[in-house]
Each structure stands twice: as structure tokens, then as C-alpha cells.
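A quick write-up on the structure given underneath.
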Amino acid sequence: MLTYLEESEFTFTNDRLKKLLLKDQNEPLSLDSRGLPLRFIHRSKFLEEHDDLTTEWRQLHLPPVTQPFAAWLLATERAGTGALAHLELDRANETLIDWAFVKPSIGSASAADPSDTPVLVRDLERYEEAMVEWVDWGRLPVPSSAQESLDSDSVTADACHILCRLPATPPPFAEHEKYLASLDQDYFLPGLEKKWENMRAVRFVDSNTLRLAMHIAWGEESVSIDRMADAANDISRCFEVATKATDTTTTHHGRFLMRAFLWSAWHRMTMLHLHCRLGMQLKNPESVIFYPRMGVVGATMSSNLATTESAEGTPPYMCKWAYKLVSQDQAAMPPDLRALRERFAQAYGHEGPRCVAVSPGRFEQCKGESPVKCMRFKGAIIKDQSAHAESCRRDCSKLTWDEASYRNLPSDSGRAVSLTETDDTHIRYTSAGPENMAISHVWSHGQGGRPEMYGNASTPTLDYTGGYNRCLHHRFERVSRKLGCVSYWMDTPCIPRDHKLRRDEISHINDVFLGSKVTLVCDRDIMSMDVSNATLETMESILATVLVCDWNVRAWTFLEAMRATNIYLLGKDDTTVGLKEMLWRVWSTGDISLSNLFFTTPHLIPTPNYYRASSGWEGSKILETLSVDKAAAVLNNRHATRPGDDVVIWSLLCEEAPSYTAQELWTSLQARRLPVEVSTAFLVSDAPRLPPASGISGLSWAPQRPNLPGEQRYLRGDLGNFVTVSDENCEKGIITRKGLLAEWRIAQFQVDLSDVTNLPPTTMKYLESLGSKYLAGYRWGAVIRPAQSARYHLDLGRLGKGKGQRKDNEETEEQEVLVAVLA
């Protein structure tokens with residue numbers, strides 16, 4: 001069972017917070033010319049004054065405890081990706097490890113011990129002293145606005161409240177078990193077993209984390225998001241250095257202790273960083289950024305997570321594919337999913353799996369490999385209108401549309417079901433306006449269908465279908481009135497089979513969800529939960545369910561949620577609860593690790609009601625669109641059942657009106673008055689391209705779909721598939737009528753590799769396949785990568801002219817370019 005931080009001599013105390021607050025008030029850092037706090041070690045000045053690594057860092061005018069960090073910092077910043085990178089980083093690693101493990105007498109806290117023993121418990125104080133001076137966060141002055149009204153008792157009490165909502169310990173990093181048994185008992189809390197969660201270094205809360213909690217308690221105006229990210233990044237880099245260092249008899253335990261300390265500090269600081277950013281978005285919805293750059297190093301750190309964070313620990317009822325989408329989201333760093341699993345298990349621990357039918361009445365969990373291998377997404381046979389209200393005996397009659405009522409409405413807005421005009425036989429319509437309730441549901445849960453009856457009436461069980469269950473209409477009528485609405489929109493009663501009418505209604509989906517007073521989410525799992533008068537623990541279980549429910553992992557419902565401005569959840573017995581209000585309650589008083597996961601789902605954070613003049617009903621809201629590459633990236637792992645819907649949804653995320661083919665979308669973007677940018681990283685994928693025979697000039701480079709087709713998205717060969725991504729770190733290309741104008745990195749390679757002997761086998765195989773497939777009859781080929789992208793790192797050796805003899809700088813350039821393409 002997950003436990004939370006508590007005040008104690010081994011973690012933190014209110015008294016310790018007060019002492020830190022008093023110290024910062026009496027000893028604030030100096031400010032630079034811009035009014036910003038100076039770092040203890042200013043990087044640019046340090047690099048300017050010391051041009052190479054031969055400078056003796058012990059001679060620098062720095063306190064001894066920070067000298068190794070300074071030398072390591074200099075080395076890592078100078079190393080870059082040049083030919084001397086490995087040599088410089090090796091020197092930096094040796095410097096840091098020498099300070100941390102081999103010569104503890106350098107540190108002030110260990111100076112009293114004359115022996116050269118490895119780091120023991122006493123050196124937690126030394127780590128603490130070093131981090132306070134070295135990490136960006138450091139001692140920051142209290143902003144004047146906060147200092148005027150500063151109540152130290154209130155600030156420290158609020159900070160304690162924030163800290164006590166963090167998990168007691170972070171998830172362990174990989175391979176931690178092999179160290180625990182051989183550690184001395186002094187490394188652990190008195191009288192407790194030798195387990196990760198009982199380690200002193202893991203339980204201890206460092207001063208920078210305490211300071212960050214106090215700044216959050218003051219209010220967001222006192223917090224620098226960039227400085228928070230820099231602090232977490234500095235800690236993660238130090239952790240990586242300690243991880244890569246080679247174990248020796250002398251350093252074995254000391255290195256593990258330091259890693260545990262740094263890992264715990266990084267985890268808590270990053271958790272508070274996410275908590276602060278989510279709070280800003282909840283309080284100021286206009287600041288919501290869809291899939292923002294985090295500014296925090298997370299990928300490398302998260303790759304060190306132990307297997308306890310894998311899908312193997314999920315409750316049987318949870319879909320492993322849905323869990324995988326949450327765990328692999330880049331904005332979820334660090335992905336602490338323990339509360340998610342625990343709260344979900346509290347709600348559904350008694351339920352068995354339902355992903356894959358292995359025999360009649362027997363199901364198993366999917367393996368989380370792809371949605372097409374899970375029957376929640378594909379393969380299950382679901383009959384339209386098989387769902388009924390709980391109070392219905394499942395024998396209610398069906399309502400059908402009043403076609404004249406539908407067709408007689410103006411076509412410049414969506415058609416919604418009128419609560420006043422609809423009776424027990426026919427659905428009648430009105431224009432969707434600001435007092436409308438839009439319904440977002442999962443078709444495969446049985447509420448799908450069309451409003452008209454169609455087929456052969458003589459064989460109703462086989463061919464004659466359509467219509468809308470009367471009990472469902474009465475349910476949504478009651479909920480609509482309860483939420484102050486006069487109509488409701490749902491695809492089942494509002495989108496008929498007629499091709500022209502269907503296209504016309506789909507063209508208004510963005511406006512319908514943007515303009516509706518409420519968007520109601522209908523998901524079978526959420527609808528089984530009592531959401532009325534929910535306790536904090538129940539709210540956490542509901543939020544955990546929202547993250548992994550069928551509704552949240554589909555493509556159409558993503559679009560609908562993104563456009564919604566006020567999301568309500570439909571629960572058991574037709575009760576409802578506002579998602580934002582519930583999320584705010586958990587953010588304010590509940591589990592921080594759970595609420596942080598909603599930073600990965602900005603489409604669930606309602607946006608403000610911006611209005612503009614419109615030819616339609618008064619109060620039309622401004623449409624916020626995603627770039628074409630970001631829209632493709634978010635759809636990459638989201639499932640759409642109908643063929644072709646991927647492109648329609650892609651276009652509706654990018655533009656106001658839908659496109660039904662990729663040619664339509666790209667042509668529309670190409671024709672815009674202002675140039676449209678596209679991420680070059682997005683274009684380096686295996687997605688099929690527009691065929692040359694399409695007759696469209698300058699678009700043969702354009703992807704034909706937002707993702708890879710079908711199973712290809714999830715299958716991996718020797719080198720894997722290039723999936724569609726959106727990378728903010730690379731150059732943008734500009735779509736022109738003549739083609740794509742973009743900057744690329746390029747590297748040549750010989751088609752004949754017979755003289756090349758020092759390439760990895762997988763790289764040789766890949767280059768040979770390129771040569772045989774595309775370069776028959778040519779001597780040279782070239783590969784490209786997005787400019788300024790350094791996300792891939794492999795040592796490819798020399799790709800030479802002749803026998804690979806060239807200058808070091810040429811070799812490095814070739815390696816850098818080639819790496820990004822082949823990784």
C-alpha cells in the first residue's frame with residue numbers, strides 16, 4: 001500500500017523549514033544586472049575564464065565541497081558531441097567520483113574522519129551541502145510582494161501539507177536490489193528491514209525540495225519554472241555520471257548511496273515542478289499548452305526505473321495498452337504510477353479482465369502491445385443500441401428521426417435533439433447553441449447507431465436496424481435539464497447515414513463541442529461509479545479511471561474533449577460531476593503523483609470561454625488548433641475504428657473544417673495566406689507519402705496519414721519503425737506551393753561497403769538494404785536528419801571515402817549526421 005511523507009527526524013520537520021526560511025531571509029543570494037539571483041557557479045563566466053580542463057580545479061576560489069561539481073560541469077558543457085567528448089567526459093566522471101567516493105576528506109562533513117572509508121550515512125550532510133550550493137534552485141530571495149505579507153508559520157505549515165501529499169519514497173531505480181543485502185544496517189532506519197523504502201538516503205528530504213515546497217506555498221508568482229527545471233536537470237546529470245562510473249571495492253556502496261540520494265531529490269523536485277505547472281493551468285486555463293516541452297530531463301532518468309513501474313503490476317481489469325499510453329507520455333516524467341494502480345484497484349479490484357476473449361465467458365488482459373490486439377478496440381462484436389438505462393427492462397421502443405425537422409434547419413450549425421419538441425416516437429431537432437449539452441461516448445459500449453430505420457423490414461433481426469433507444473433519450477433529457485441545457489447533441493441521433501448530411505454534420509463538430517454549455521462523458525467504467533458526494537479517495541479512483549478508460553484512449557473522443565470547455569462525467573444512477581472541480585480538489589488536497597498525470601492530458605483541462613462575433617448564434621468560441629505535426633503525434637497511438645477517420649480527425653485538430661483525404665488537408669495548408677510550418681522530425685517516419693500521380697504539385701514529401709497504417713505502428717524489426725513524432729528541438733520546414741523549404745543535416749556513405757569493417761552489424765545491414773533497394777548502379781548515397789536534433793546517440797565509427805581515412809572533425813560531423821537517421 002502506498003504511503004506518504006510524514007514529518008520526522010528522518011525526513012523533514014516544520015522546525016527545519018522555519019530554519020531554512022530564516023536563513024534565506026538573512027542570507028539571500030546577490031542579484032545580477034537583470035535582477036535575477038546569481039548561481040553560486042555561473043556557467044558562462046566559468047567557461048569564459050577557464051578555457052580547458054587542464055586548470056586545477058582545487059586552485060579555483062570556490063569552497064572545496066563545490067569544486068568537483070564545478071569541474072564536472074565545465075567538462076560536460078565543453079564535451080558536446082565532438083571528437084574529444086568521450087575523453088573529456090571520462091575526466092569529468094573521474095573528478096566527480098574521486099570527490100564523492102574515494103576521498104571523502106575533501107567534503108567538510110567528512111573532514112573529521114581521517115580514514116579513507118567509503119561514504120556512510122554521515123555524508124548525507126555533505127551531499128546536502130553540495131547540492132544547496134551547486135544546484136540552480138539554491139537559496140533564492142523571497143519576492144518583495146510575498147515578503148511584505150509573509151507569515152512564516154502559515155508558509156511552513158502549507159509547505160508541510162504539500163510535502164505530506166508526496167509518496168514517502170520514489171519508485172526504485174533498476175538493479176537496486178543487488179546492493180541492499182550487503183549494506184550496513186546504518187544505511188536504513190532503525191529496526192527496519194533492508195528495503196529500498198527504509199533507506200535513510202531515500203527517506204531524507206533535501207533542502208532544495210523543502211525550499212521549492214515553500215515557494216509553492218507562497219504562490220506561483222514566487223516560482224521560476226525555468227529555474228525549477230534547471231535544478232532538476234542538474235541533479236539528473238549528476239545521477240547519470242554516478243550511474244556510468246565503474247564500481248570498485250572502494251566505491252561500491254558509496255556510489256549506490258549517492259545515487260539513491262540524487263534519485264530521491266530529483267524525483268521529489270520534478271513531482272513538485274509538475275504540481276506547480278498543473279496548478280497554473282487549472283487556475284489560468286488560458287496558459288494550457290498542448291503537449292508542451294517540459295524542460296526537464298526525464299527520458300534517461302525514467303529508463304532507470306525498476307520494473308515495478310511496468311504494466312505487469314496492473315490490476316486485471318485495467319487495459320495494459322491504456323496504461324502504457326500513460327506511462328510512456330514524455331510529459332509524465334517521472335512516471336510514478338503507483339497511486340494510479342492502487343486507486344484503480346480499489347474501484348475495480350474485484351473485476352476480472354475483459355481485453356481478450358480466450359473462450360466463451362473467459363477473458364484475459366491484453367499484453368499492451370497494440371490496440372488492435374485488444375478487443376476493447378478491435379474484434380469485439382457490439383450491436384448498435386445494445387445499451388440501455390439502468391432502470392430500463394431492455395425492452396423499450398426506439399425513437400426515429402423526424403427527417404423534415406432535421407432537413408429544415410439551416411446548415412450553418414450543428415443539429416441537436418430538442419428537449420421540448422421530441423416525443424416518445426420521433427426525434428426532433430434544433431440548432432446547437434450555447435445551452436446545448438454535447439455527449440462524448442464510446443461507440444463500442446453500445447450507444448452507437450443512426451437515427452433513421454434502414455434495411456429490410458421483413459427480416460428485422462438481420463437487416464433492419466437503426467433508431468435510438470427511448471430510455472437513452474429520457475436519460476440524456478434528464479441530465480440535460482439538470483445541467484441547465486435545452487438540447488443535446490450526440491452522434492447517434494444527430495448524424496444520419498445519408499452521405500451529404502453526414503459530411504455536413506461532421507463539419508460542425510468543432511463548433512458544437514466548442515459552443516456547448518457542457519460536454520458529458522459517457523464511459524461504461526465511469527458510469528459504474530457513484531460520483532455523487534464523493535470522498536477524496538473516491539475522487540482519486542474516478543480520476544485514475546478517467547486516465548485509462550476506453551473513452552480517453554480513442555481518437556474521436558480526444559478531439560471532442562479537446563474542444564470541450566466544461567467537461568462533466570456521467571456516473572451511476574445518472575449522477576454527474578464536473579471534471580475540473582474534481583481535479584482541483586485532488587490537486588489541492590489529494591495525491592500529488594496522481595493529479596500530476598493530468599499534465600499529460602491537457603485535452604481534459606477545460607479552456608476559457610473566449611468569444612468573438614459570429615454569423616451563427618451569439619457567443620461562438622475561438623477555435624484553438626494544433627500544428628499539423630503535433631496533431632499527428634497525439635493521434636499516433638489513438639485508435640479510430642472506421643477506415644479514413646484518422647485523416648478526418650487529424651484535419652479537425654488542425655483546421656476548422658474537415659478534410660476527408662490527406663491531399664485535401666495538405667492542399668488546404670499549402671494554400672494558406674500565411675506560411676505553415678511543419679516539424680522536420682515529423683517527416684522522418686515510415687508513414688506512406690502522397691503518390692506522385694495525385695496531380696498535386698510540391699507535396700510528394702507529405703505523409704498520407706498521421707500515423708503508420710495498422711499493425712505497422714506497433715511492429716518492430718531489427719532497427720524498428722520510424723513513427724510520427726513532433727520534436728520542438730529541431731528545425732521547422734515551411735510549406736510552399738513549390739514544395740517543402742527546410743534545413744537538414746546530410747551525410748554521404750559509400751554504397752559499396754566492402755572496405756568498411758568497423759561499423760556495427762545492424763548499421764551495416766541497414767546501409768546494405770538502403771543500397772540494394774534504392775541505390776542500384778550508384779557509388780554514393782546520402783542520409784538526412786532534422787537539423788539541431790541530438791536525440792539519437794550511436795557510435796557508428798567511420799563511414800569513409802576509400803578506407804575511411806579522414807580528419808577527426810570530418811569524422812565527427814559524419815557521425816553526428818548519420819546517427820540521427822539510423823538510430
Side-chain angles (χ1 to χ4, degrees), residues 375-403 405-407 414-419 422-429 432 437-457 459-480 487-506 508-509 512-513 519-524 527 550-551 554-557 559-560 570 574 639-645 648-649:
M375 294 179 68
R376 293 183 184 224
F377 299 91
K378 185 176 180 180
I381 300 175
I382 305 295
K383 182 181 178 182
D384 289 345
Q385 292 299 291
S386 58
H388 290 261
E390 290 180 87
S391 58
C392 181
R393 296 182 301 179
R394 309 184 70 82
D395 59 355
C396 64
S397 60
K398 288 188 175 183
L399 281 66
T400 56
W401 71 331
D402 183 330
E403 187 173 352
S405 169
Y406 192 96
R407 291 182 179 274
R415 287 97 159 175
V417 177
S418 170
L419 301 186
T422 299
D423 55 31
D424 280 348
T425 58
H426 289 91
I427 306 168
R428 295 185 175 86
Y429 299 88
M437 180 180 77
I439 299 171
S440 180
H441 72 108
V442 180
W443 189 286
S444 63
H445 288 183
Q447 295 187 108
R450 296 296 174 219
E452 71 271 45
M453 300 300 291
Y454 55 91
N456 187 345
T459 57
T461 58
L462 297 177
D463 304 310
Y464 197 60
T465 186
Y468 185 53
N469 288 344
R470 186 178 61 179
C471 67
L472 296 183
H473 167 70
H474 288 318
R475 162 193 280 167
F476 296 127
E477 179 185 26
R478 289 192 302 272
V479 175
S480 296
S487 64
Y488 68 86
W489 186 97
M490 185 182 187
D491 58 356
T492 303
C494 297
I495 301 183
R497 297 179 73 233
D498 180 87
H499 184 69
K500 182 179 182 303
L501 292 177
R502 171 181 167 79
R503 284 203 169 197
D504 183 58
E505 195 62 25
I506 289 176
H508 296 301
I509 282 183
V512 167
F513 280 87
T519 292
L520 185 72
V521 172
C522 298
D523 177 273
R524 61 183 293 179
M527 290 168 65
D550 294 352
W551 174 84
R554 281 167 164 73
W556 273 116
T557 52
L559 170 71
E560 293 162 357
L570 182 65
D574 297 341
H639 184 68
T641 304
R642 291 169 58 95
D645 276 4
V648 177
I649 300 165

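Excluded from the calculations below are hydrogen atoms, water molecules and symmetry mates; all remaining heavy atoms, backbone and side chain alike, are included.
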Do the side chains of [Y] and [X] get nearer than 4.5 Å, heavy atoms only?
X	Y	value
Cys522	Gln447	yes
Leu419	Phe476	no
Glu560	Thr519	no
His474	Asp424	yes
Tyr488	Leu520	no

Kindly give the heavy-atom pair with the smallest separation between [X] and [Y], and that separation in Å.
X	Y	value
Ile495	Glu505	CG1-CG, 3.8 Å
Arg502	Arg450	NH1-NH2, 2.9 Å
Pro493	Met490	CD-O, 3.1 Å
Val512	Gly414	CG2-CA, 4.0 Å
Met437	Val479	SD-CG1, 3.9 Å
Cys494	Val417	SG-CG2, 4.0 Å

State the [atom1]-[atom2] distance between [X] and [Y], to the nearest 0.5 angstrom.
X	Y	atom1	atom2	result
His639	Asp645	NE2	CG	10.0 Å
Leu399	His426	CG	NE2	8.5 Å
Trp443	His445	CH2	NE2	13.5 Å
Arg393	His388	CZ	NE2	12.0 Å
Asp498	Glu403	CG	CD	8.0 Å
Ile382	Met375	CD1	CE	8.0 Å

Check whether [X] reaches the backbone of [Y] with its side chain - one donor and one acceptor, N or O, closer than 3.5 Å.
X	Y	answer
Asp523	Trp551	yes
Asp423	Thr425	yes
Arg394	Ser386	yes
Asn469	Gln385	yes

Check the orientation of [X] and [Y]. Use parallel for under 30°, tilted for 30 to 60°, and perpendicular for over 60°.
X	Y	result
Trp401	Tyr429	perpendicular
His473	Tyr468	perpendicular
Phe513	Trp489	perpendicular

Go through the steps to decide whether Leu570 and Arg475 satisfy the test side chain to side chain contact (heavy atoms under 4.5 Å, CB included), and finish with yes or no. CA-CA 10 Å; Leu570 182 65; Arg475 162 193 280 167; 4.1 Å; yes
I'd like to know if Asp504 and Arg407 make a salt bridge, using a cut-off of under 4.0 Å between side-chain N and carboxylate O. no
Can a donor-acceptor pair be found between the side chains of His441 and Asp491 at a distance below 3.5 Å? yes
